[in-house]
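Both counts, for ligands and for their atoms, begin at 1 and track the order of listing. Computation of the quantities below employed the complete heavy-atom set of this structure, encompassing side-chain atoms and omitting hydrogens, waters and symmetry-equivalent molecules. Position 1 is the first residue of the sequence; numbering continues from there.
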Amino acid sequence: MSLLSITIECLYCSALTIAGYLILSSRQCHWEIASTLFVDRLLHGRSRAALRLCCALITTYKYCQARRSGAFPNLSFCAMLSEAPAFMALHSGICHTVSGTRLYSVATRSAAELRSSSPCWVSLKRGKRKTTARSELPEDGSPLPSLQIQNYAQAQGGDALASILERSSSSTDASQKDITPSPQVEGVSDVSHGPSLSIVVVGATGELARSKIFPALFALFHKGCLPKNLHILGYSRSELSTDDLKDIISENLTCRVDTQQDCGETVKQFLSRVFFQSGSYESSDGMSKLNAKMEMLEGNCAGNRIFYLAVPEDVVVNVTLCIGKTAQSRSGWTRVIIAKPFGYDGKSSALQTKGLLAYLNEDQLYRIDHRLGKDLIENLTALRFSNLVFEPLWSRTYIRNVQVVLSEDTGIENKGRYFDKYGIIRDIVQSHILQMIALFAMEPPTSLAGDDIRNEKVKVLRSMRQPTLQDVVLGQYKASIAKDGKSKVPGYLDEPDIDADSITPTFVAAVTYIDNARWDGVPFLIKAGIGLIKHSVEIRIQFRDVPGNLYRERCGRTVLGQATNELILQIQPDESIILKINNKIPGLGLQLDSSNLNLLYRDRNDTDILDSYEHLIMDVITGDNHLFMRSDELKATWDLLDPLLAEMEKNKVAPELYQFGGRGPIGAYYLGAKHGVRWADD
Ligand SMILES: NC(=O)C1=CN([C@@H]2O[C@H](COP(=O)(O)OP(=O)(O)OC[C@H]3O[C@@H](n4cnc5c(N)ncnc54)[C@H](OP(=O)(O)O)[C@@H]3O)[C@@H](O)[C@H]2O)C=CC1
Ligand SMILES: O=C1O[C@H](COP(=O)(O)O)[C@@H](O)[C@H](O)[C@H]1O
């Protein structure tokens, strides 16, 4: 080729690349794709390639035009694509660089948008490698279209695979030596099983990771809920090897899924997918290494990534920065799970949110409160909106009061430092209890889509009345005699890491109202405490008395509220729905008594119910975010609680002391009575 023709080629390519870039950027494709094409063109410049490139760009252009006009090109588009060298399979949202091993996803489209496109195969050929991409779009438009990429390079022999591995490992650090991939489980993704999923547990050495997250991941793995192409990565500052992490994990893995079964083999398979990367939470160095490791594991598959931030609150934003800058997937989605607490007050929470949203989009954020992963919480909406008998009763017309109770029979155990800073209101009320109330009291959402539900929840939170000091009773458990009547139980102030003069409440009872048309005047009672008589989490709905009840003289109980119907949604200890009804005592006479219609989950369903962490991790994988607080919801909760917390701090309100293992401060009963309510959980 003469110098002149090379120059013309270069100019031609530059023009195409710029045009390509402009077009691609309108679809948020990566600049690198365009530049790779340019380099490609230079290295392999032949007029046929130029023709193909041109064809592909025209295809892209037509595609973008069609998108802008709202009409998605169907088969004709696929047909056009298969004519081109198909440097990207745009119909599935995936862009391929033909010469590289990477796969870039723009992943911006929703399944619904693409549903009209029938499954379409695009063959990409270059030299020995041939990749086939197929998009399968769920009929119902659910958020996770599964993309299957079959890499014929693997089928055609080890050379392509080897070169991928070689390339990846040469670009990574020594610590990656503990990755010894074998096509079956480790290392390179098994591309025949769709996009890979990497779940990174940041803070992998911590209590939450060890005792909850890894066991939940194992249970999901054991049940076959996780994609075949799975990698579990631990990340933390501690200098561990992958084997060290595997030891930590296996200490806590139990075969809770089926106690009769020997889980040994599954544990082995699970651990073979585990990797570790150490690094700081403040700089991107470690995160870049982690990113390289994930890229290697993902191979040429689309790679989806979940980062579970199991680290103290004060490093969350920095970690997110590092992820945002260096470790987001470029070929799939990236989602970040943030553990409680979500701030100390409105101000700090707003700062955290601002920091998170600087690097991630709202829909990438999953603020997790594991207690919302209980099946019954999910069932709250099912119960209301799929049974004719409940929804008509769900308002001030028939409901006298609602009680939301979370009571624990344990003390603070080893969480002294955390608990003393946050206390029961921030720990339990701000997220868990307010979310339960919001789900309970919301208007019917327009659909079950996460944002439709979150839109309704936020309205409830904004309609709630801010509680004042007069509406709450604070308590703290004191040193007591244990149930055996002999041994002593330490009081809160005797626990490790607690200041001797701490006034942090371990108990709160409060009353609030939802000032909207549905709930006007209905007291919502909240009770949350530790060191109490029993372990229970429930919502109790007390109905009004039957007007002009013919049996009023014959009800066994006459005390305020005791003869009313009551619906109990019991979340712990056993998930169960109980309806209290009045019925006749068998035999002669017409005396009535209250009986329970009890739907106990474990009796009714013999299938294993997902543990709450398992449930919520699956929600993150499927992109269902309705149980995770959106930023505006979070703000609404702090707007509600900030004045009370500020008042408590300003007045240094001393909590009422109560017996460990008792029913909590007596003040809670007076508070109930003040609002015409008898606590029903005793
Ligand atoms: N434990 C639980 O059941 C629950 C915990 N949470 C929340 O999840 C988060 C993690 O919980 P948990 O695992 O119990 O916490 P840990 O105190 O065990 O911390 C987790 C990891 O973070 C790193 N770390 C600890 N202290 C610091 C620090 N000051 N600065 C930077 N890194 C630190 C450590 O890893 P390394 O030094 O190796 O980097 C540690 O292993 C917390 O925010 C907690 O409130 C929420 C719900 C339940
Ligand atoms: O969210 C929290 O959960 C832990 C433990 O919950 P459990 O469901 O395992 O009992 C609780 O101790 C902690 O205070 C709270 O923040």
S.K.: Can you name the closest pair of heavy atoms from E298 and S198 and give their distance?
M.R.: OE2-OG, 3.8 Å
S.K.: Check whether the ring centres of Y422 and Y418 lie less than 6.0 Å apart, and answer yes or no.
M.R.: yes
S.K.: Can you check whether D639's main-chain N or O pairs, donor with acceptor, with Q466's side chain at less than 3.5 Å?
M.R.: yes
S.K.: Cation-pi check for Y344 against R426: NZ or CZ below 6.0 Å from the six-membered ring centre and within 45 degrees of the axis, yes or no?
M.R.: yes
S.K.: Would I541 and Q403 count as a side-chain contact (heavy atoms from CB on, under 4.5 Å) here? Give the steps.
M.R.: CA-CA 6 Å; I541 302 122; Q403 305 180 17; over 6 Å; no
S.K.: Using a cut-off of under 3.5 Å, which N/O atoms of ligand 1 pair up with protein N/O atoms, and what distance separates each pair?
M.R.:
unit_1: ligand 1; atom_1: 13 (O); unit_2: E207; atom_2: N; d: 3.1
unit_1: ligand 1; atom_1: 13 (O); unit_2: L208; atom_2: N; d: 2.8
unit_1: ligand 1; atom_1: 18 (O); unit_2: E207; atom_2: N; d: 3.2
unit_1: ligand 1; atom_1: 32 (N); unit_2: R237; atom_2: NH2; d: 3.3
unit_1: ligand 1; atom_1: 35 (O); unit_2: T205; atom_2: OG1; d: 3.0
unit_1: ligand 1; atom_1: 37 (O); unit_2: R237; atom_2: NE; d: 3.3
unit_1: ligand 1; atom_1: 37 (O); unit_2: R237; atom_2: NH2; d: 2.8
unit_1: ligand 1; atom_1: 38 (O); unit_2: T205; atom_2: OG1; d: 2.7
unit_1: ligand 1; atom_1: 38 (O); unit_2: S236; atom_2: OG; d: 3.1
unit_1: ligand 1; atom_1: 38 (O); unit_2: S238; atom_2: N; d: 3.3
unit_1: ligand 1; atom_1: 38 (O); unit_2: S238; atom_2: OG; d: 2.5
unit_1: ligand 1; atom_1: 39 (O); unit_2: R237; atom_2: N; d: 2.8
unit_1: ligand 1; atom_1: 39 (O); unit_2: R237; atom_2: NE; d: 3.0
unit_1: ligand 1; atom_1: 39 (O); unit_2: Y281; atom_2: OH; d: 2.6
unit_1: ligand 1; atom_1: 41 (O); unit_2: T205; atom_2: OG1; d: 2.7
unit_1: ligand 1; atom_1: 41 (O); unit_2: G206; atom_2: N; d: 3.0
unit_1: ligand 1; atom_1: 43 (O); unit_2: V311; atom_2: O; d: 3.2
unit_1: ligand 1; atom_1: 43 (O); unit_2: K340; atom_2: O; d: 3.4
unit_1: ligand 1; atom_1: 45 (O); unit_2: K340; atom_2: O; d: 3.1

S.K.: What residue pairs, at least two apart or across chains, pass salt bridge (charged side-chain N to carboxylate O under 4.0 Å, His left out) with a residue in residues 197-214?
M.R.: none
S.K.: For ligand 2, list every N/O pair with the protein closer than 3.5 Å, one pair per line with the distance.
M.R.:
unit_1: ligand 2; atom_1: 1 (O); unit_2: K340; atom_2: NZ; d: 3.1
unit_1: ligand 2; atom_1: 6 (O); unit_2: H370; atom_2: NE2; d: 3.2
unit_1: ligand 2; atom_1: 8 (O); unit_2: H370; atom_2: NE2; d: 2.8
unit_1: ligand 2; atom_1: 9 (O); unit_2: K212; atom_2: NZ; d: 2.8
unit_1: ligand 2; atom_1: 12 (O); unit_2: K415; atom_2: NZ; d: 2.6
unit_1: ligand 2; atom_1: 14 (O); unit_2: D427; atom_2: OD2; d: 2.8
unit_1: ligand 2; atom_1: 16 (O); unit_2: K340; atom_2: NZ; d: 3.2
unit_1: ligand 2; atom_1: 16 (O); unit_2: D427; atom_2: OD1; d: 2.5

S.K.: Could you tell me how the ring of Y281 sits relative to the ring of Y235: parallel (under 30°), tilted (30 to 60°) or perpendicular (over 60°)?
M.R.: tilted
S.K.: For residues 641-656, pull every pair meeting side chain to side chain donor-acceptor pair (under 3.5 Å), keeping only residues two or more places apart or in separate chains.
M.R.: none
S.K.: Establish, from distance only, whether the side-chain atoms of D420 and S502 form a donor-acceptor pair under 3.5 Å.
M.R.: yes
